[in-house]
J.: 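Pasting in a structure now, in structure tokens, and then I'll have a few things to ask.
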Number of protein chains: 2
Amino acid sequence: MKKYLEILRKCPLFDQIEEEDLLRMLGCLGARVEHFDKKYTILAEGNPAKYIGIVLSGSAQIHQVDYYGNRSILSEVGAAQLFGEAFACAEIQAIPVSVIANEPCEIMLIDCSHILHTCSNNCGFHQQLIFNLMKDLATKTILFHRKIEIVAKRTTRDKLMAYLMLQAKVAGSNTFEIPFDRQELADYLEVDRSGLSAEISKLRKEGILENRRNLFKLL
Amino acid sequence: MKKYLEILRKCPLFDQIEEEDLLRMLGCLGARVEHFDKKYTILAEGNPAKYIGIVLSGSAQIHQVDYYGNRSILSEVGAAQLFGEAFACAEIQAIPVSVIANEPCEIMLIDCSHILHTCSNNCGFHQQLIFNLMKDLATKTILFHRKIEIVAKRTTRDKLMAYLMLQAKVAGSNTFEIPFDRQELADYLEVDRSGLSAEISKLRKEGILENRRNLFKLL
DNA sequence: GAATTTCTGTTGAATTTTCAACAAACGGAG
DNA sequence: CTCCGTTTGTTGAAAATTCAACAGAAATTC
């Protein structure tokens, strides 16, 4: 576990936890690490909602697929970020989404009941972990607000511009890279891919943006 | 405060808190109660994100209004439910939404910093409150997943049917009442009101549902 | 480095939504 | 009970999306 210390220190779940305590805690929590190749399913829809996942390297996406097979991408999860925590913390039966490896990645899985319910060793870190989970969930809720603000727009152009302007703001620059290819971006914005491509072309011709694949520049 | 005890006991924030402790706690937290008439603004966009609100009676809606004045309704908050907790817990500067009284209502407001940061009396309930907030935020996250699942659909009909089927499931019955009028439902589903009315008529003619104003029956 | 697979952009037709305007139905106030 | 403001339903035209199909570009594989 030692080699993961650097990334785990950046993980919001372990905020305010001293490095020396972290290793002991991981043992107590029964944390395990697994490797997943690109496109592999880390957690499948319908699986028990037991685990909190931590992305140690690479990245993952949260997918929702409806009855007709239409894919919707809820979010992108990068290094040091959590996934599955909402379902585990709410103690629901099964997760309603799938978590897919977006590139080869290493994932730490922790049984959430070990965090929520005090362990036999009665180690004093549960309170801090629960506080950190609360903070993380509050942040995730705000991210969902932003996503809804984007998909609430009625046209592909407005959705795209709202998304790109947010990304520029997050990146702190007019030039930025997005973590999606075209189909994924369409599935995140909840629009048709070909229409999205057409809209990007149109914006380029109008001189509103420049782009090369995933690299965008707002003018 | 005593007259609010019954409703406060149902509030997820005070889960596992004994009734006798609750009153003392409210003083310690500096809780105050305000009345709002229908359509009044309880919290306005841009306000400091200090307060957690609890609906004691009536109901409220979370509104998001974009640059062009288009309203989007994020959620309905009924009696004993919380609002604003995500913004307060994430300790962001200002709230990005407005909370509007949907009918005459009584609202309890609590400065969240009193919950998050141990008070001078060092009363032992902070841990339970933080745990409860975590649970509540996890539940709210799942509600947002459901909302996104609905608005991800591409047609008014699909959004409407996804919404109605969810409401029927929640109500545990094919007959149920929804908390929105037509314009509000349109703003929740992120579609055009007149198109929504037309779609409801069409579904009725096709024998898929019956309705009288807010009362729906799926067949 | 050639072949193959994946991704992106383009187009036109069909479908659907939005928009604006109006009429009918409803509900509350006096 | 009647009046009046609000809500809901209806319609047609304009705008936008989706869908399907294909071609070119880029990346991956062998």
J.: Of the candidate nucleotides D/dG9, D/dT8, D/dT17, which contains the atom at the shortest distance from the side chain of B/Ser201?
T.: D/dG9

J.: Does a nitrogen or oxygen in the side chain of A/Arg154 sit under 4.0 Å from OP1 or OP2 of C/dT18?
T.: yes

J.: Between A/Lys169 (side chain only) and A/Leu164 (backbone N and O only), is there a donor and an acceptor less than 3.5 Å apart?
T.: no

J.: Here's a test of your reading of the structure: between A/Glu190 and A/Arg193, which maps to the more 5' nucleotide of DNA chain D?
T.: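 Upstream on the strand: A/Glu190.
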
J.: Nearest nucleotide by nearest heavy atom, which residue falls closer to the 5' end of DNA chain D, A/Gly195 or A/Arg213?
T.: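 On the 5' side of the pair lies A/Gly195.
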
J.: Which whole-number value in Å describes the distance from B/Lys205 NZ to D/dG9 P?
T.: 11 Å

J.: Rounding to an integer number of Å, can you tell me how far B/Leu215 CG sits from C/dA25 C1'?
T.: 17 Å

J.: Check the distance between C/dG28's P and B/Lys39's NZ and give it to me in whole angstrom.
T.: 13 Å

J.: Which whole-number value in Å describes the distance from B/Asn214 CG to C/dG27 P?
T.: 10 Å

J.: Specify the separation, in whole Å, of atom CZ of A/Phe180 and atom P of C/dC7.
T.: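 Whole-Å distance recorded here is 15 Å.
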
J.: Taking atom P of C/dT17 as reference, at what distance in whole Å does atom CG of A/Asp158 sit?
T.: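 Taking atom P of C/dT17 as the reference, CG of A/Asp158 is at 17 Å.
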
J.: When we call it a touch if two heavy atoms are under 4.0 Å apart, what does A/Ser194 touch: a base, just sugar-phosphate, or nothing?
T.: base

J.: May I ask you to say what A/Ser197 touches in the nucleic acid, namely base, sugar-phosphate or nothing, with a heavy-atom cut-off under 4.0 Å?
T.: base

J.: Looking at B/Arg182, I'd like to know whether one of its side-chain N or O atoms comes within less than 4.0 Å of OP1 or OP2 on D/dG9.
T.: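 Checking B/Arg182 against D/dG9: at least one side-chain N or O falls below 4.0 Å of OP1 or OP2.
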
J.: Testing the 3.5 Å rule here: is there a donor-acceptor pair between the side chains of B/Ser57 and B/Glu106?
T.: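 Yes, side-chain donor-acceptor contact under 3.5 Å.
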
J.: Write down the distance between CG (A/Asn102) and P (C/dT6), rounded to a whole number of angstrom.
T.: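 Whole-Å distance recorded here is 16 Å.
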
J.: Rounded to whole Å, how long is the line connecting atom CZ of B/Arg212 with atom C1' of C/dC26?
T.: 9 Å

J.: Any base atoms under 4.0 Å from B/Asp181, or only sugar-phosphate, or nothing? Heavy atoms, all strands.
T.: sugar-phosphate

J.: Check whether B/Thr41 reaches the backbone of B/Leu43 with its side chain - one donor and one acceptor, N or O, closer than 3.5 Å.
T.: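 Answer holds: no.
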
J.: Check whether any side-chain N or O of A/Thr155 sits under 4.0 Å from OP1 or OP2 of C/dT18, and answer yes or no.
T.: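 Answer no for this pair, as no side-chain N or O of A/Thr155 is under 4.0 Å from OP1 or OP2.
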
J.: Can we say B/Arg9 and B/Glu19 salt-bridge, meaning some charged N sits less than 4.0 Å from an Asp/Glu carboxylate O?
T.: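 Yes.
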
J.: In this structure, which one of B/Asp136, B/Ile54, B/Leu29 forms a side-chain contact (heavy atoms from CB on, under 4.5 Å) with B/Leu13?
T.: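 Only one option passes, and that is B/Ile54.
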
